[in-house]
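Okay, structure first, notes after.
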Amino acid sequence: MTRIIALALVSATALSTPAMAQTLTGRSFSFDAGLGVKYSPEFIGSDNLDASPWFILKNADADRDKPDGLSFLPSLNYVGRRDADDSQDLRGMSDIGYAGEVGVKMSYRMGELTSYGAIRKGFGGHHGVVGELGAKYRIEYNDRLTLWTGAELGMGSDDFTGTYFGVTAAESLSSGHRAYDPDGGAYIARLSVEARYEFMPDTALMGRVTYGRLLGDAGDSPLVQDRNQPSISLGVARRMNFRF
């Protein structure tokens, strides 16, 4: 619980500015929603890449008209199923079901630079608390093409890291991996480049290249075959605009 509270406090502190005294919410909300394909490690820590669906849900990342300052948005994420039969490295381990994550994202925009912090509660495959601290820089080449470069630190509670990086005593006997009970905290650092090309009004081709590096107890897990976790994603998204 102390790590969860610390995560929330760090997020708030990192983004706090005098602008917090100003209005925190606007009268418009927009995001890109769509579907694509992601080529990434077949499970967290794997050294084999595999194709999987990319569910695109990017909150207000391409909202050029949004003023500078602090804002709050929903934060949603999806984690795919992990089946022990899908990889020789997971034989003897328990299956992990699909997981959803719901929470809030707090961001501060200053010109082309946006810093953010997010915190979410998991359900389904895991019931931990996860979040990120990061920053993105926007580069707009023309009316249709926009790029972002970013860096972020991913964090998770004991429940999260135990689910994806831990090995119980029973799993140790059936899999041959040593028993392992990782602590929560920062588990991955990521660098990314994203692109959005609007080939039709409110419809865009989206791509993302990410390099991740597993850290700390997560990286030391006996299930991790490679600390380096690259991914490439490509998809099509529709811009959803709401005013209230």
Side-chain angles (χ1 to χ4, degrees), residues 31-59 61-62 75-102 118 120 122-126 128 130 132 134 136 145-154 156 160-161 163-167 175 177 187-200 203-215 218-219 221-240:
F31 59 92
D32 289 311
L35 183 64
V37 176
K38 177 171 63 174
Y39 195 58
S40 61
E42 57 185 355
F43 64 89
I44 304 176
S46 174
D47 57 356
N48 294 318
L49 300 181
D50 193 18
S52 61
W54 181 32
F55 296 99
I56 303 169
L57 189 61
K58 304 193 67 60
N59 297 320
D61 283 342
S75 179
L76 307 174
N77 192 38
Y78 163 85
V79 183
R81 180 180 176 87
R82 192 183 82 179
D83 291 325
D85 291 339
D86 290 344
S87 173
Q88 183 64 38
D89 298 323
L90 295 176
R91 294 294 170 85
M93 297 294 297
S94 299
D95 294 339
I96 302 173
Y98 298 104
E101 298 171 356
V102 178
R120 297 180 301 277
F123 61 92
H126 82 86
V130 295
E132 298 87 31
K136 287 187 177 183
L145 179 61
T146 305
L147 299 179
W148 293 264
T149 59
E152 73 175 20
L153 185 67
F160 174 82
T161 56
T163 299
Y164 292 101
F165 301 102
V167 180
S175 68
H177 294 298
Y187 74 93
I188 193 169
R190 300 186 184 96
L191 297 175
S192 65
V193 176
E194 301 179 38
R196 182 184 190 275
Y197 180 74
E198 189 166 307
F199 60 91
M200 292 175 56
T203 305
L205 179 66
M206 304 192 70
R208 181 176 66 187
V209 177
T210 302
Y211 167 75
R213 175 76 176 178
L214 292 173
L215 308 172
S221 169
L223 300 178
V224 171
Q225 306 300 314
D226 193 342
R227 284 177 175 259
N228 299 314
Q229 299 287 281
S231 70
I232 300 175
S233 307
L234 185 66
V236 176
R238 180 75 177 173
R239 186 65 172 278
M240 311 301 290

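What you see is a predicted model; the values in this text were computed from it and never measured.
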CE-OG1 distance between M206 and T146, expressed to the nearest 0.5 angstrom:
9.0 Å
List the atom of R82, the atom of T163, and the distance in Å for their closest heavy-atom pair.
NH2-O, 4.2 Å
Set of residues satisfying side chain to side chain contact (heavy atoms under 4.5 Å, CB included) with respect to T210, sequence neighbours excluded
R190, S192, R208, S231
Closest non-hydrogen atom pair between P222 and V167, with its separation
CG-CG2, 3.9 Å
For F55, what residues pass the ring pair (Phe, Tyr, Trp, His ring centres under 6.0 Å) criterion, not counting sequence neighbours?
Y78
Could I get the full list of side chain to side chain contact (heavy atoms under 4.5 Å, CB included) partners for T203, not counting sequence neighbours?
F199, M200, V236, R238
Hey, could you give me the CD1/CD1 distance between I44 and I188, rounded to the nearest 0.5 Å?
7.5 Å
If you round to the nearest 0.5 Å, how far is CD1 of I96 from CZ of F43?
10.0 Å
Working to the nearest 0.5 Å, report the span between CG of L215 and CG of L153.
6.5 Å
Smallest separation among heavy atoms of P230 and L49, with atom names:
O-CD2, 4.0 Å
Using the side chain to side chain donor-acceptor pair (under 3.5 Å) criterion, which residues pair with E198? Sequence neighbours excluded.
R196
With sequence neighbours left out, what residues match Y211 under side chain to side chain donor-acceptor pair (under 3.5 Å)?
N228
Could I get the full list of side chain to side chain donor-acceptor pair (under 3.5 Å) partners for S52, not counting sequence neighbours?
none
N48: side chain to side chain contact (heavy atoms under 4.5 Å, CB included) partners, not counting sequence neighbours:
E42, S46
Show the numbers, then the answer: is there a side-chain contact (heavy atoms from CB on, under 4.5 Å) between W54 and L35?
CA-CA 6 Å; W54 181 32; L35 183 64; over 6 Å; no
What residue pairs, at least two apart or across chains, pass salt bridge (Lys or Arg N to Asp or Glu O under 4.0 Å) with a residue in residues 90-102?
R81-D95, E101-R120
Taking only residues two or more places apart in sequence, or in another chain, which ones meet A51 in a side chain to side chain contact (heavy atoms under 4.5 Å, CB included)?
V37, Y39
Can you pull out every salt bridge (Lys or Arg N to Asp or Glu O under 4.0 Å) where at least one residue sits in residues 223-236? Sequence neighbours excluded, please.
D220-R227
Where do A237 and I56 come nearest, in terms of heavy atoms and distance?
CB-CG2, 4.1 Å
Please tell me if the side chains of F165 and L223 come closer than 4.5 Å, counting only heavy atoms from C-beta onward.
no
Do you know the tightest heavy-atom contact between G166 and M93?
O-CE, 3.7 Å
Any chance you could measure L205, atom CG, to L234, atom CG, to the nearest 0.5 Å?
5.0 Å
State, to 0.1 Å, how close L214 and Q229 come at their nearest heavy-atom pair, and which atoms those are.
CG-CG, 4.0 Å
D47 and D89: side-chain contact (heavy atoms from CB on, under 4.5 Å), yes or no, with the steps?
CA-CA 10 Å; D47 57 356; D89 298 323; 4.2 Å; yes
Interatomic distance, T161 atom OG1 to Y187 atom OH [nearest 0.5 angstrom]:
10.0 Å
Partners of Y164 by ring pair (Phe, Tyr, Trp, His ring centres under 6.0 Å), sequence neighbours excluded?
H126, F160
